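Report on the structure given below.
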Amino acid sequence: MRIVYRAQNLIDAHLVKDALENAEVPAFIAGEYLTGGVGQLPAMDYVAVLVPDSSIDIAEPIVREIDGALTQARLAIHELDDDTGDLLPATG
């Protein structure tokens, strides 16, 4: 098994795992249950998605696509927050 993705949080890990399994690539989340043990601290570098060595070539482009989409979503949220001071669009 090899790590193909280091997740910022458990939700991201599950999104990647689900995308991989949708493509019939077996995937496993390592460190999923460690996040409860760290309490209020951020669980950085504890959660990773692993696939069998034989599936690396199939998994890597899928992971890149999901990671790119997650990065763009985070940037959009950050820009929205910077522009308005709020995460919700203004009503008017």
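What you see is a predicted model; the values in this text were computed from it and never measured. Residues take their numbers from the sequence shown, with the count starting at 1.
Transitive grouping of hydrophobic side chains (ILVMFWY, heavy atoms separated by less than 4.5 Å) keeps Met1 and Ile58 in distinct clusters.
Applying the salt bridge (charged side-chain N to carboxylate O under 4.0 Å, His left out) rule to Glu65 yields no partners; only residues at least two apart in sequence or on another chain are considered. When the side chain to side chain contact (heavy atoms under 4.5 Å, CB included) test is applied to Pro26, the partners found at least two apart in sequence or on another chain are Pro52, Ser55. Glu60 is linked by a side chain to side chain contact (heavy atoms under 4.5 Å, CB included) to Ile56, Arg64, counting only residues two or more places apart in sequence or in another chain. In this view, Leu75 and Thr71 satisfy the side chain to side chain contact (heavy atoms under 4.5 Å, CB included) rule, not counting sequence neighbours. Ala30 is linked by a side chain to side chain contact (heavy atoms under 4.5 Å, CB included) to Phe28, Leu50, counting only residues two or more places apart in sequence or in another chain.
Pairs passing the salt bridge (Lys or Arg N to Asp or Glu O under 4.0 Å) check and including a residue from residues 19-31, sequence neighbours excluded, read Lys17-Glu21.
Of the inter-residue distances, the one linking Leu20 atom CG with Ile66 atom CD1 reads 8.0 Å to the nearest 0.5 angstrom. Taken to the nearest 0.5 Å, the OH atom of Tyr5 stands 14.0 Å off from the CD1 atom of Ile62.
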